[in-house]
K.L.:
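Please read through the structure below; I'll follow up with questions.
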Amino acid sequence: MTDKDKKLVSRREDFNEWYNSVVLRADLADYGPVRGTMIVKPYGWALWENIQQALDRRFKATGVQNAGFPMFIPMSFLQKEAKHVEGFAPELAVVTHGGGQELGEPIVVRPTSETIIGHTYANWVQSYRDLPILINLWNSVVRWELRTKLFLRTLEFYWQEGHTAHATQAEADERTRMMLDVYTDFAVNEAAVPVIPGEKSEMERFAGADQTLTIEAMMGDGKALQSGTSHNLGQNFARAFDIQFLDQNNVLQYAWTTSWGLSTRFIGAIIMTHGDDQGLILPPRLAPYQVVIVPIYRKDEEKTAVLPTAMRIQNELMAAGIRVKLDDRDNLTPGYKFNDWELRGVPVRLEIGPRDVEKHSVALARRDMPGREGKQFVSQEGLVATVQTLLTEIQANLLARATQFRDANTHDVRDYEEFKTAVETGFARVWWAGDNQAEMQIKQETKATIRCFPLAQPGGSGVCFYTGKPAHRIAIFGRAY
RNA sequence: CGGGGCGUAGCUCAGUUUGGUAGAGCGCUCGGUUUGGGUCCGAGAGGUCGUCGGUUCAAGUCCGGCCGCCCCGACCA
């Protein structure tokens, strides 16, 4: 490898190339043989598994159960909900042949499962006593995207999709909001990604939804990433698929449904929120390895002193529930390993050398503070507690840092000129009273769209920066991935 | 789907202008050396030059078709 290959391109120089290099070189994922497909490698999948677990326990705490649904859906299902088919038709993968025969009706590979869920729930629901239905699917879906990017937009992606059906509108409203809160809590407290929970504009709404709630995050280049969505589907799918039930008064009613999803795209959010010019920085709560131990020795007698100590410390940390990797690769120098694990974003590096064995110490280096500043020698006494405290500090620091970055790059603007400047580098926060037409116009001129109307509104009213009309809502605009 | 770039060793690329025996660095294997910030030295393995066809005594190199990838735009979780 040349020097050029060893060092990542800096984020400033070319954020896009930085992102691609990090994904590939940190061993998170690789390109599949079909355009736009992705191979998630073990390290990336381990990160996804941690995300899954953090979400799954939150879902279950709200009464949701997991299930499995077919990936093949009759084409006719898609056509039952007018807006839904309009939204998804252009990006469907369609199976026309099976077992060497041409199929009578083409089969669609699910782009999302609202339709097959609607069909199924219609069979499951007769009475108000059958409601609510609270189901989540961990699966992959296929959307034939024109322009793809690892994790952010691939032809096939892994996600969870939750689908609930309720007897009343109020219950569906509550569920839509509840799941957004789950996503927000997960993003902030597990991933240290300071998202803005809010509502999508009509233009950005999910195809077939009455309301789409979203968590929006700001990436390291100031662009927005929609990181999770929760849709209130009203009775649209219930009517399209006849999900009907008799209520307490023996009156036939349509059910109210919701759906909500978060995908492997979130891995992209983590990369682009926390990463630096050295590579990935993973939040301790989700990192596949929270601590990497790098043993340091020259001669065999040093090795026989250092390695047992390293293994003993590994066991102590693991016994305390800390995820630890002991890098005992013999053919690589410590310096190489330092760089390697920094690229891979492990939050804490623990070095043990001959001097440490003697002095009963170890060196701890934190990934969020490169260089001497983040490195300290500590006693092996109470090491578990020391490491746990450090991991907590790093987690908190990542969130604080990302929040500060987001706020520093979010600007209240009053006119269109200020707006254009703001969305070059971040978010514009504005009073908004425009319509779809105005939003479209702004998008064409600046590439910025309404990311959301934050749930946390200041109240009162102001003047729309674009139309000059009285406005009662604040919107966040930004350029999006 | 439009514009641009590119396809040569596992990776990054040179060689194509001017056709004439397939190259470098990194990685990999072996031996030694080194190890607290990307060690160094030596020996080796590894390629139907994306693919199909054409021109030619001769094609990585020239011509044509096809396939694929990356970047920018429109579309999108």
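In what follows, chains carry the letters A, B, and so on, assigned in the order in which the sequence lines appear, proteins first and then strands, with residues in each chain numbered from 1.
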K.L.:
Quick one: Arg143(A) CZ to C75(B) C1', roughly how many Å, whole number?
P.N.:
13 Å
K.L.:
Taking Gln314(A) for the side chain and Ala310(A) for the main chain, is one N or O donor matched with an acceptor at less than 3.5 Å?
P.N.:
no
K.L.:
Relative to the 5' end of RNA chain B, which residue comes earlier, Asn16(A) or Gly87(A), by the nucleotide with the nearest heavy atom?
P.N.:
Asn16(A)
K.L.:
Which nucleotide, in any strand shown, forms a Watson-Crick or G-U wobble pair with G73(B), with both distances under 3.5 Å?
P.N.:
C1(B)
K.L.:
Take atom C1' in G20(B) and the same atom in U16(B), then report the distance between them in whole Å.
P.N.:
14 Å
K.L.:
Please give the nucleotide sitting opposite U33(B) as a Watson-Crick or G-U wobble pair, both distances under 3.5 Å, or none.
P.N.:
none
K.L.:
Does Phe186(A) have its ring centroid less than 6.0 Å away from the ring centroid of Tyr183(A)?
P.N.:
no
K.L.:
If we take the P atom in both A9(B) and G15(B), what is their distance in whole Å?
P.N.:
15 Å
K.L.:
Find the partner of C6(B): check Watson-Crick (N1-N3 plus N6-O4 or O6-N4) and G-U wobble (N1-O2, O6-N3) distances, both under 3.5 Å, and reply none if neither fits.
P.N.:
G68(B)
K.L.:
What do you reckon, are the aromatic ring centroids of Trp159(A) and Phe266(A) less than 6.0 Å apart?
P.N.:
no
K.L.:
Give Lys200(A) one of three labels, base, sugar-phosphate or nothing, depending on what nucleic acid heavy atoms sit under 4.0 Å from its own.
P.N.:
nothing
K.L.:
Reckon Ser263(A) touches a base, only the sugar-phosphate, or nothing at all at heavy-atom distances under 4.0 Å?
P.N.:
base
K.L.:
Distance between the C1' atoms of G19(B) and C62(B), in whole angstroms?
P.N.:
8 Å
K.L.:
Could you tell me the separation between the CD atom of Glu445(A) and the P atom of A74(B), rounded to a whole number of Å?
P.N.:
13 Å
K.L.:
Please enumerate all residues that pass side chain to side chain donor-acceptor pair (under 3.5 Å) together with Lys325(A), with sequence neighbours excluded.
P.N.:
none
K.L.:
Whole angstroms only, please: what is the NZ-C1' distance between Lys149(A) and C70(B)?
P.N.:
10 Å
K.L.:
With a non-hydrogen cut-off below 4.0 angstrom, is Val306(A) in contact with a base, only sugar-phosphate, or nothing?
P.N.:
nothing
K.L.:
So, do Phe241(A) and Tyr121(A) have ring centers that fall under 6.0 Å from each other?
P.N.:
no
K.L.:
Would you mind classifying the nucleic acid contact of Thr214(A) as base, sugar-phosphate or nothing, using non-hydrogen atoms under 4.0 angstrom?
P.N.:
nothing
K.L.:
Between G44(B) and G38(B), how many Å separate the two C1' atoms, rounded to a whole number?
P.N.:
25 Å
K.L.:
Would Trp260(A) and Phe59(A) count as a close aromatic pair, with their ring centres under 6.0 Å?
P.N.:
yes
K.L.:
Checking Arg110(A) side chain against Phe69(A) main chain: does a donor-acceptor pair fall under 3.5 Å?
P.N.:
yes
K.L.:
Has the side chain of Thr304(A) got a donor or acceptor atom that lies under 3.5 Å from a matching backbone atom of Glu301(A)?
P.N.:
yes
K.L.:
Searching all strands shown, indicate the nucleotide that pairs with G60(B) (Watson-Crick or G-U wobble; both distances under 3.5 Å).
P.N.:
none
K.L.:
May I ask you to decide if Leu364(A)'s main-chain N or O and Gln376(A)'s side chain share a donor-acceptor pair within less than 3.5 Å?
P.N.:
no
K.L.:
I need the single residue from Arg366(A), Arg401(A), Arg367(A) that forms a salt bridge (Lys or Arg N to Asp or Glu O under 4.0 Å) with Glu393(A). Which is it?
P.N.:
Arg366(A)
K.L.:
All N/O contacts under 3.5 Å from nucleotides 4-10 of chain B to the protein, with atom names and distances to one decimal?
P.N.:
none

K.L.:
What integer number of Å spans the P atoms of A45(B) and U29(B)?
P.N.:
15 Å
K.L.:
Mind calculating the distance between CD1 (Ile51(A)) and P (A77(B)) to the nearest angstrom?
P.N.:
19 Å
K.L.:
Can you build the contact string for nucleotides 31-39 of chain B? Use B for base contact, S for sugar-phosphate-only contact, and - for no protein heavy atom under 4.0 Å.
P.N.:
----BBBBB
K.L.:
Would you mind reading off the distance between Asp221(A) atom CG and C71(B) atom P, rounded to a whole angstrom?
P.N.:
14 Å
K.L.:
On RNA chain B, check which nucleotide each of Tyr31(A) and Gln226(A) is closest to and give me the residue with the more 5' one.
P.N.:
Tyr31(A)
K.L.:
Out of curiosity, His231(A) NE2 to Lys200(A) NZ, how far, rounded to the nearest 0.5 Å?
P.N.:
10.0 Å
K.L.:
Find the distance Glu91(A):CD to A74(B):C1' and express it as a whole number of Å.
P.N.:
14 Å
K.L.:
Looking only at atom P, what distance separates G4(B) and A58(B), rounded to whole Å?
P.N.:
35 Å
K.L.:
Using a heavy-atom cut-off of 4.0 Å across all strands, would you classify Leu262(A) as base, sugar-phosphate, or nothing?
P.N.:
nothing
K.L.:
Between G68(B) and U35(B), how far apart are the two C1' atoms, rounded to whole Å?
P.N.:
43 Å
K.L.:
If I take atom CG in residue Asn20(A) and atom C1' in nucleotide C71(B), what distance separates them, rounded to the nearest angstrom?
P.N.:
10 Å
K.L.:
Short question: side chain of Arg285(A), backbone of Ala192(A) - any donor-acceptor pair under 3.5 Å?
P.N.:
no
K.L.:
Calculate the interatomic distance between Glu17(A) atom CD and C70(B) atom P; express it in whole Å.
P.N.:
14 Å
K.L.:
Rounding to an integer number of angstrom, what distance separates G64(B) and U18(B) when you compare their P atoms?
P.N.:
15 Å
K.L.:
OP1 or OP2 of C75(B) less than 4.0 angstrom from a side-chain nitrogen or oxygen of Lys443(A), does that happen here?
P.N.:
yes
